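Below is one structure, written out as structure tokens, with a few remarks after it.
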Protein chains: 2
Amino acid sequence: MKAQKEFEIQFQPLGKRVSVPEGASVLEAARQTGLDLNSACGGEGSCGQCQVVLLSGAAAPANSDEEFLIPQSDRQHGYRLACCIRVQDNLTVHLPKESLITGQRLQVESNLKTIPPDPLVHAYLAELDAPSLEDVRADLNRLKDALERQSQLRDLQARARVIQDLSPVLRENKWKVNVFIKDREILSICSPSQRALGLAVDIGTTKVVATLVDLQSGENLGTAGIPNPQLSYGEDVISRLSYVVRNIQGRQLMSGLIRQALNELLDELLHQAGAKREQVVEACLVGNTAMIHLLLGYPVRQLATAPYVAASSDAIDVPAEWLGLALAAGANVHIPPSIGGFVGADHVAMVLASDLDISDKVSLGIDIGTNTEISLRLPGSKVLHAVSCASGPAFEGAHIRDGMRAASGAIEKVRIYDNTVLLTTINQVPAVGICGSGILDTVAELYRNGYLNRNSRFQTTYSAVRVGEQGPEFLLVSADQSGSGRDIVITQKDVNEIVLAKGAIQAGMQILLEATGTRAEAVQEVIIAGAFGSFLNIHNAIEIGLFPLLPNAQYRQVGNAAALGAMWILISRSARERARQISRMTRYLELTTFPKFHRQFALAMLFPESVDA
Amino acid sequence: MKAQKEFEIQFQPLGKRVSVPEGASVLEAARQTGLDLNSACGGEGSCGQCQVVLLSGAAAPANSDEEFLIPQSDRQHGYRLACCIRVQDNLTVHLPKESLITGQRLQVESNLKTIPPDPLVHAYLAELDAPSLEDVRADLNRLKDALERQSQLRDLQARARVIQDLSPVLRENKWKVNVFIKDREILSICSPSQRALGLAVDIGTTKVVATLVDLQSGENLGTAGIPNPQLSYGEDVISRLSYVVRNIQGRQLMSGLIRQALNELLDELLHQAGAKREQVVEACLVGNTAMIHLLLGYPVRQLATAPYVAASSDAIDVPAEWLGLALAAGANVHIPPSIGGFVGADHVAMVLASDLDISDKVSLGIDIGTNTEISLRLPGSKVLHAVSCASGPAFEGAHIRDGMRAASGAIEKVRIYDNTVLLTTINQVPAVGICGSGILDTVAELYRNGYLNRNSRFQTTYSAVRVGEQGPEFLLVSADQSGSGRDIVITQKDVNEIVLAKGAIQAGMQILLEATGTRAEAVQEVIIAGAFGSFLNIHNAIEIGLFPLLPNAQYRQVGNAAALGAMWILISRSARERARQISRMTRYLELTTFPKFHRQFALAMLFPESVDA
């Protein structure tokens with residue numbers, strides 16, 4: 001039995017990998033990783049709930065259960081039942097949202113203040129006279145006359161798409177309607193009881209988070225998140241851009257994937273709130289430069305290679321219809337301006353929501369992700385300075401042997417005490433892998449306890465450090481304790497990935513301080529945004545030198561500030577104007593143009609001498 | 001042989017009908033009507049040129065020649081070879097443009113003045129610095145900086161669709177480009193040698209005429225016309241609207257047909273002029289209210305029935321992309337405002353191009369078609385008055401036994417002298433039918449010579465008036481002289497159709513005069529626009545009372561003034577403003593609200609007592 005073959009199954013879009021013996025079902029493999037797939041029949045091939053899409057790898061053709069339970073059109077697109085696929089090859093499997101009980105943990109809240117609405121869209125009740133042979137004014141003109149008479153509005157306009165729906169809506173509502181108007185533009189015509197809503201979205205490289213908002217009151221009507229479906233085409237920004245450069249249909253594909261995700265989120269939010277799409281008259285979408293380019297179908301060849309030039313860094317408003325988003329007929333989508341390089345509208349939104357641009361302290365604002373953006377505020381100065389660090393996806397769990405995203409079963413906190421490993425997992429289920437905050441904790445604890453030296457080499461003199469297939473490694477959870485049935489370890493290679501990431505971020509912060517003539521002692525505040533940034537242990541981050549030593553700084557973990565900023569820009573005209581000012585006042589520093597950068601980066605990969613001392 | 005069956009073949013979109021014996025080929029039938037189908041092999045089934053689409057009627061399935069010569073995908077859509085279909089049923093056949101040697105005669109010129117351009121779009125040369133690691137400004141921002149520095153242009157904007165093409169175009173042109181800008185909007189980026197072009201289109205119920213124009217010089221670079229492809233779904237406006245009301249996909253279908261026709265015309269014009277579509281940055285489309293609704297996908301249910309209310313009568317600008325028109329990335333399509341009822345943007349354009357709005361004479365402007373629009377100018381008055389008459393398609397050759405549109409073989413001029421019929425046909429080929437001007441001539445000559453009495457009844461005492469299948473009729477061309485192999489006649493029913501049409505127009509003019517307190521003697525000028533109006537014999541039109549007696553009026557036949565007006569609005573900002581003023585100053589009078597109208601209409605159906613006397 002020891003000779004039984006093992007195959008690796010990779011689950012997208014969560015990025016979780018697991019090895020299972022030949023003949024195991026994909027459903028069993030998913031369960032070993034802690035992923036809860038829907039399955040009412042318990043894997044009998046009779047409920048049809050555990051549908052997955054086979055992306056790569058060989059498998060026997062669909063059996064009669066699958067032919068019965070899955071429509072042929074779906075089968076043609078690779079849909080299978082996870083319980084019916086017997087593993088006989090390494091497989092990559094996509095998990096549709098509908099098949100997942102417990103999705104990825106998506107941090108969608110922030111602990112920052114909200115702002116009062118300063119609405120861009122206003123609602124006006126209009127009562128029209130019905131037409132007659134003596135009064136044959138066109139419907140739009142009749143509506144405009146009523147709005148002028150009843151609400152003193154003049155020179156109104158409506159897009160052709162709005163006029164396409166106008167005549168039946170006026171008649172169905174018996175000539176009494178609620179009209180949503182932005183500036184002089186009629187966006188949607190609704191029944192008198194419907195209120196105007198908006199959609200704020202943070203399009204992250206890894207996850208997409210959307211909030212439905214009442215545009216008048218600013219009330220949050222619900223938040224939903226899903227993994228970015230582009231993940232299947234590359235975990236980091238550059239590999240997705242490369243995919244588009246190499247594949248002629250790639251631009252359309254990537255854009256279509258994210259548009260579809262946005263529509264799914266909208267559907268979910270509308271369903272939750274019991275609202276109709278004709279009420280959703282405005283959206284604000286933020287994301288890094290690459291995400292926005294992929295969304296809008298902007299050219300990316302020049303963004304994918306040095307000197308990494310965006311097609312546009314301006315704010316833009318596009319009709320929701322143009323983006324294929326099923327909002328109200330005349331709805332607009334606002335995308336705030338970006339700053340430079342990959343520092344995009346999401347960073348502008350983060351700076352806005354964390355008030356970095358108006359802070360009265362010397363403050364660093366940092367959003368850690370596959371790309372990490374850092375901005376520096378010097379009170380009294382009219383400019384912000386920003387850098388972008390290619391920190392890579394290690395803190396998202398990628399390129400780490402047992403890494404995974406922050407989903408159920410991920411190790412999220414680790415302490416090593418007296419050679420004993422103490423850890424907690426998300427949802428308190430048996431560990432199936434380790435996510436960013438857990439990896440950071442592990443590396444810090446290993447260094448603190450002497451398992452790693454300053455050069456981040458494992459000290460193989462320690463008995464807990466064993467030699468695995470990839471060299472020295474540290475055992476966190478043994479196979480008999482883990483949810484995946486295999487050892488969960490941190491390898492030397494994993495440590496190297498973390499060191500590269502933390503070195504890039506630390507060096508970026510140091511260059512930013514040096515370029516602006518700011519001493520480390522002067523920094524009073526570090527604002528950390530984003531999912532990983534909100535869960536990381538600050539003490540450990542300093543321990544390994546993710547941040548340089550800033551002796552007088554206070555650290556604030558603010559959650560998803562980019563998503564909150566998107567909401568501010570959605571509901572407030574003054575916030576939108578402030579976002580424009582932030583993009584104008586921010587000077588982007590390209591790190592690779594600093595001669596010192598490479599040396600600084602090399603030094604930053606060393607662990608600090610002794611923080612605790 | 002006398003018992004041989006005859007079947008009727010109807011050819012669309014020309015509207016020509018012909019009866020042929022069982023077993024004749026459709027190609028032979030087409031030739032009998034004077035339609036020249038391409039056929040290099042002379043009907044042997046070997047060249048594949050005489051392709052037609054079988055719209056209705058039974059026929060044997062495609063033979064082996066057809067299977068060989070017509071791609072299956074086309075055969076599935078009803079494509080056949082005209083020479084291979086043996087007639088065994090009444091058929092309706094569509095003639096694709098490619099199969100026709102001689103198309104319909106389309107009057108595309110006008111004899112009105114042209115105006116100097118007052119361009120809305122301007123071209124600016126821009127030379128940009130190439131990006132580097134030290135200068136990573138986004139492409140759009142780099143372009144805007146160059147335009148500000150080199151041409152003092154500020155606050156420019158570009159739609160996302162324009163940005164989609166920007167980066168490669170800048171690089172292909174080595175950072176030196178010609179930029180076309182309207183107001184503050186960047187419409188297209190071209191090579192330095194390309195100039196900005198525009199497209200002016202008159203979308204008629206029967207024909208579509210387009211002109212390609214140099215936007216700077218106003219130069220006409222070519223004109224092309226094709227039948228309106230919606231003809232297959234109804235010859236008049238109301239039947240097309242009804243089709244859309246009855247068929248759920250009708251709105252999309254009608255819109256798609258006309259958009260496709262516009263793209264075909266554009267392709268032809270670009271090919272003729274050796275120009276590229278990225279140069280075509282603006283279009284102006286005019287048409288009656290129904291044509292514009294069908295183009296823009298506006299709702300039409302409320303327009304199809306009394307009180308005939310338009311969805312909108314405002315001018316509108318839509319992105320060419322939204323309409324599916326393959327112009328430049330950022331091109332806009334301008335549709336001028338309409339007036340009321342079915343008096344649309346085409347009438348505004350006609351009033352503009354004929355200077356009716358600024359005439360110093362008491363002037364009537366009339367555009368005769370399936371709907372006839374008439375406007376009255378009273379010098380010194382701040383308003384124009386307009387009416388719309390449901391004159392029907394008789395003057396377009398429809399609903400007339402041997403009627404046809406003004407194509408090759410149509411009788412266009414008729415004189416009856418001493419019981420002898422003198423006539424001329426278009427292209428001087430044997431007569432196959434009779435078009436509007438020929439019908440008008442015939443009726444006038446029949447009345448002048450006493451064959452018809454004042455009540456438009458045939459005087460059967462005349463030997464030339466015979467009794468046909470449909471009652472009394474007058475023989476114009478006998479079967480042995482005609483190109484169709486059958487007698488060409490004018491029947492009592494044909495005369496009735498003409499009388500209805502002319503009665504509607506005359507009554508409309510009289511109500512218009514009465515409603516404005518204008519005596520017939522006061523009218524100084526009658527401006528007649530449109531294809532039929534340009535070819536009709538004015539003397540005969542007065543003879544039968546198409547126009548009321550206006551003793552002091554001079555008549556001007558001005559050709560396609562609507563198409564010319566569209567061109568003015570395309571190239572001139574001041575003309576565009578004047579079009580807006582015309583729509584505002586014109587008061588639409590709904591004829592059916594005048595109690596007198598029905599009596600006036602009844603009286604107008606009588607022939608005048610004696611004009612010649």
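Note that the structure is predicted; figures quoted are calculated from it, not measured. Reminder, nothing fancy here: chain letters follow the sequence lines and each chain counts from 1. Atoms considered below: every heavy atom in the structure, side chains included; atoms not considered: hydrogens, waters and symmetry mates.
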### Task
Look at A/P168, A/P319, A/A306, A/S132 and state which one has the largest set of heavy-atom pairs under 4.5 Å with chain B.
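Highest number of heavy-atom pairs under 4.5 Å: A/S132.
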### Message
For the interface with chain B, which of A/L140, A/I163, A/L133 has the highest count of heavy-atom pairs at distances below 4.5 Å?
### Response
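Most heavy-atom pairs within the cutoff with chain B belong to A/I163.
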#### Entry: Inter-chain contacts: residues 320-348 of chain A against chain B, heavy atoms under 4.5 Å
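Checking residues 320-348 of chain A against chain B gives A/E321, A/W322.
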#### Entry: Results of salt bridge (charged side-chain N to carboxylate O under 4.0 Å, His left out) for B/R142 - residues two or more places apart only
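Per chain and number, B/R142 pairs via salt bridge (charged side-chain N to carboxylate O under 4.0 Å, His left out) with B/D135.
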Test item: [X] side-chain N/O and [Y] main-chain N/O as donor-acceptor pair under 3.5 Å:
X	Y	answer
A/R576	A/L120	no
A/R154	A/E148	no
A/R251	A/G297	yes
B/D183	B/E185	no
A/S167	B/A311	no
A/D314	B/Q157	no
B/S255	B/L295	yes
A/N371	A/S388	no

### Task
Please flag which part of A/T592 lies under 4.5 Å from any non-hydrogen atom of chain B: side chain, backbone, both or neither.
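For A/T592, the side chain is the part near chain B, not the backbone.
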### Message
If I measure from the heavy atoms of chain B, does A/I316 come under 4.5 Å with its side chain, its backbone, both, or neither?
### Response
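Side chain only.
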Among [options], which has the most heavy-atom pairs under 4.5 Å with chain A?
options	result
B/A310, B/A158, B/P131	B/A310
B/L170, B/D165, B/V309, B/N141	B/N141
B/H293, B/R171, B/R301	B/R171
B/V318, B/T593, B/D317	B/T593

### Query
Can you tell me how far OG of A/S312 sits from CG of B/D139, rounded to the nearest 0.5 angstrom?
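Answer for the CG-OG pair, B/D139 versus A/S312, is 9.0 Å.
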### Task
Select one option (side chain, backbone, both, neither) describing which atoms of B/R137 are under 4.5 Å from chain A's heavy atoms.
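The backbone, not the side chain.
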#### Entry: Region of B/R161 that comes under 4.5 Å of a non-hydrogen atom in chain A
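Both parts, heavy atoms under 4.5 Å.
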### Query
Do B/S242 and B/R246 have side-chain atoms, one donor and one acceptor, less than 3.5 Å apart?
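B/R246 and B/S242 do not have a side-chain donor-acceptor pair below 3.5 Å.
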